[in-house]
Amino acid sequence: MTSSVHGGSFGVADDGAYLHAHRTLASQHDVLTACAARWTRTACALSSRRMDVSVRFPATALPTSTPSMHAPDGDADMLMHRIACAVDACNDVGVMVRRLADECGRLADLVARAWGIYNAAESRNRARTTKVVQLLAKADPLAMSVIGLGMGLFGAGYGYATEGTFGVAHMSHATSWMQEGLLAGIGDRMSGASPLDTIMRNGSGVAAAAGRITAISAPANDLVQGSRLTIRQVHALTAPVGYADNTATALHDLRGLGRANADTARSGLSYATIAISRYARADGTNAWLVTIPGTDGQADSPLGWEQNVELMSDDATERAHADSARFVAEAMRRAGVACGDPVALIGHSQGGIIAATIASDYTDEFTVGHVVTAGSPIANHPVAKGTWVTSVEMDDELVAALDGAANPEQGRWLTVRGSLAHEDDDRLLASSAVDIAEGPSGLTHDLAYHEAAYASAAQLGTPALERHDDHFRRTIAGEYQGTSYWQGRIGDRGDEDR
């Protein structure tokens with residue numbers, strides 16, 4: 001798995017030459033900084049030696065009782081003069097080496113910025129392709145859908161030829177270049193977007209179409225599934241979510257929670273269970289990390305398929321009233337999350353859309369400092385300006401493209417885009433192995449791919465990603481107090497909320 005970084009302050013993509021230059025310059029910066037520190041320490045040591053000489057051989061009273069310590073007045077002055085010159089020389093060399101270190105650091109940043117510019121150019125090319133597909137899909141959605149189906153079948157055929165089995169993964173990979181544009185165009189057609197909206201904006205038609213669908217499907221779903229939300233705290237036999245000191249650990253725990261929810265016998269948990277971790281601060285307040293898995297599709301689960309459509313609506317009320325958003329918000333209240341407490345949310349797939357919804361539509365109740373999403377279509381969410389967003393998406397991941405738009409590229413919104421690397425790729429790439437069983441290619445919507453993509457991006461050494469990781473860490477900074485688990489169910493009958 002290789003990655004490129006989009007958004008943030010600036011980024012370093014995965015081209016070998018830029019990566020090598022950045023690593024070399026950054027390494028030299030560290031080496032020279034340490035060297036400058038040694039020269040400074042040497043100057044301090046010599047200064048101490050000079051003071052010792054001045055004490056042993058004062059100009060007015062040179063000792064004569066100890067022959068080994070006796071020195072002519074001129075020799076003592078010469079020794080002190082030489083030490084003073086050595087101190088000055090060490091300080092001068094230290095300053096020079098420190099300047100070289102700073103220059104290497106500056107050049108490393110310039111390399112990062114330069115590749116970030118090229119990376120932005122790649123994003124613009126991708127955006128142009130998306131726009132063309134979007135216009136064609138709005139004009140004739142059936143024809144473009146047929147083309148997409150044909151491309152998918154071609155990919156499936158390639159998968160059969162190379163792996164001996166048909167797979168949806170190859171279909172998704174073959175259509176990755178047109179997924180966002182096709183969905184954006186169909187959304188524009190369904191929502192009746194004006195030609196100007198189609199030209200000027202991506203994804204707005206998808207959100208508007210989701211809103212129209214929700215107006216019909218939400219009441220129908222309430223009749224079928226029910227609307228009564230039941231929440232209870234449950235206890236895990238194992239601890240899939242623990243202390244998180246960085247984004248990578250939180251992603252690993254998110255994956256662990258998903259597996260624990262599926263393995264009821266061992267974990268004691270079940271589907272539609274989220275985790276809320278508390279971190280106590282020195283000032284007596286708390287910070288919180290909310291971990292939210294993806295869609296499970298169970299009949300009585302608030303994390304169902306229908307809730308995805310509601311969460312992607314352009315109507316804030318529809319988003320906030322989705323069963324899944326209500327479930328997470330109520331669990332946060334019961335766990336003790338107060339209005340002013342800093343909160344970080346991390347979610348996979350629908351879990352990420354819920355996190356973005358909380359950060360967009362519950363701002364009067366919760367102070368969301370950071371949101372981390374994996375494979376979540378959240379480009380159209382009006383996330384609060386003070387909230388940082390770190391998104392991990394795969395190039396050929398259909399689910400992340402359902403919003404019909406690329407994520408905003410700005411200082412507080414950073415997107416890690418992962419790509420599968422072939423074994424015969426001879427470029428110098430920062431890559432990470434995917435922790436998944438060998439076999440036919442699987443859908444990259446699996447969290448294992450997002451974990452590997454983030455690990456690959458972390459190897460790039462991009463300051464933008466480091467800033468986001470540092471902000472995530474500071475958002476939940478505090479002494480870990482434990483994690484509580486909350487299970488949600490939806491229906492017309494059942495126990496009272498407790």
Side-chain angles (χ1 to χ4, degrees), residues 4 6-7 13 118-159 167-213 308-309 312-314 349 353 373 375-381 391-409 413 415-420 441 443-445 449 453:
S4 59
H6 304 257
Y118 178 73
N119 206 19
E122 280 192 334
S123 298
R124 287 194 293 270
N125 289 335
R126 184 185 181 97
R128 293 189 185 102
T129 301
T130 297
K131 182 59 65 179
V132 171
V133 174
Q134 179 184 358
L135 291 169
L136 293 174
K138 183 186 178 184
D140 195 338
L142 179 60
M144 289 302 295
S145 297
V146 170
I147 292 174
L149 178 60
M151 293 292 298
L153 292 175
F154 175 81
Y158 173 79
V168 180
H170 290 286
M171 297 180 68
S172 182
H173 183 73
T175 58
S176 60
W177 62 275
M178 65 181 302
Q179 288 171 358
E180 282 185 359
L182 179 61
L183 291 164
I186 294 175
D188 286 344
R189 185 65 175 260
M190 291 179 62
S191 64
S194 68
L196 182 62
D197 284 341
T198 300
I199 295 173
M200 297 301 296
R201 296 189 291 176
N202 289 336
S204 59
V206 172
R212 289 192 173 189
I213 295 173
N308 285 285
V309 181
M312 293 180 64
S313 171
D314 62 348
S349 193
I353 314 177
T373 68
S376 305
I378 62 169
N380 299 316
H381 277 69
S391 297
V392 186
E393 299 180 357
M394 304 303 301
D395 276 340
D396 61 344
E397 183 181 17
L398 176 61
V399 175
L402 289 174
D403 49 19
N407 291 334
E409 294 188 11
W413 195 319
T415 302
V416 174
R417 296 192 69 91
S419 302
L420 289 173
S441 298
L443 286 171
T444 54
H445 191 54
Y449 293 93

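In what follows, every heavy atom counts, from backbone to side chain, and hydrogens, waters and symmetry copies are set aside.
Between Ser176 and Arg126 the shortest heavy-atom distance is O-NH2, 4.4 Å. Considering all non-hydrogen atoms of both residues, Arg189 and Ala139 come closest at NH1-O, 3.3 Å. Between Ala379 and Ala405, the closest heavy-atom pair is CB-O, 3.7 Å. Of all the heavy atoms in Met312 and His381, the pair that sits closest is CA-CE1, 4.4 Å. Ala208 and Ser191 get closest at one heavy-atom pair: CB-CB, 3.6 Å. Pairing each heavy atom of Ala453 with each of Gly418, the nearest pair is CB-CA, 3.9 Å.
Every residue meeting the side-chain contact (heavy atoms from CB on, under 4.5 Å) condition with Thr175, not counting sequence neighbours, appears here in chain and number order: Met151, Met178, Gln179. Not counting sequence neighbours, Thr129 has no partner by the side chain to side chain donor-acceptor pair (under 3.5 Å) test. For Ile186, the side-chain contact (heavy atoms from CB on, under 4.5 Å) partners are Pro141, Ser145, Leu182, Met190, not counting sequence neighbours. Applying the side-chain contact (heavy atoms from CB on, under 4.5 Å) rule to Ser349 yields the partners Val399, His445; only residues at least two apart in sequence or on another chain are considered. Judged as a salt bridge (Lys or Arg N to Asp or Glu O under 4.0 Å), and not counting sequence neighbours, Glu180 has no contacts. Legend: residues meeting side-chain contact (heavy atoms from CB on, under 4.5 Å) with Ala400, ordered by chain and number and at least two apart, are Glu393, Glu397.
In this structure, Asn380 and Asp314 have side chains that are not in contact, with every pair of non-hydrogen atoms separated by 4.5 Å or more. With a 4.5 Å cut-off on side-chain heavy atoms, Pro377 and Ile353 count as touching. With contacts defined as side-chain heavy-atom distances shorter than 4.5 Å, the pair Ile378/Trp413 qualifies. Taking the side chain as every heavy atom from C-beta outward, Val206 and Leu402 never approach each other to under 4.5 Å.
Rounding to the nearest 0.5 angstrom, the gap separating the CG atom in Asp140 from the NZ atom in Lys138 is 13.5 Å.
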| request: Carefully, step by step, assess Leu443 and Leu398 under the rule side chain to side chain contact (heavy atoms under 4.5 Å, CB included). | output: CA-CA 9 Å; Leu443 286 171; Leu398 176 61; over 6 Å; no
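Panel note: side chain Ser172, backbone Asp396; a donor-acceptor pair is recorded below 3.5 Å. No donor-acceptor pair under 3.5 Å is formed between the side chain of Asn407 and the backbone N or O of Thr415.
Judged purely by distance below 3.5 Å, without hydrogens or angles, the side chains of Asp395 and Ser419 pair a donor atom with an acceptor atom.
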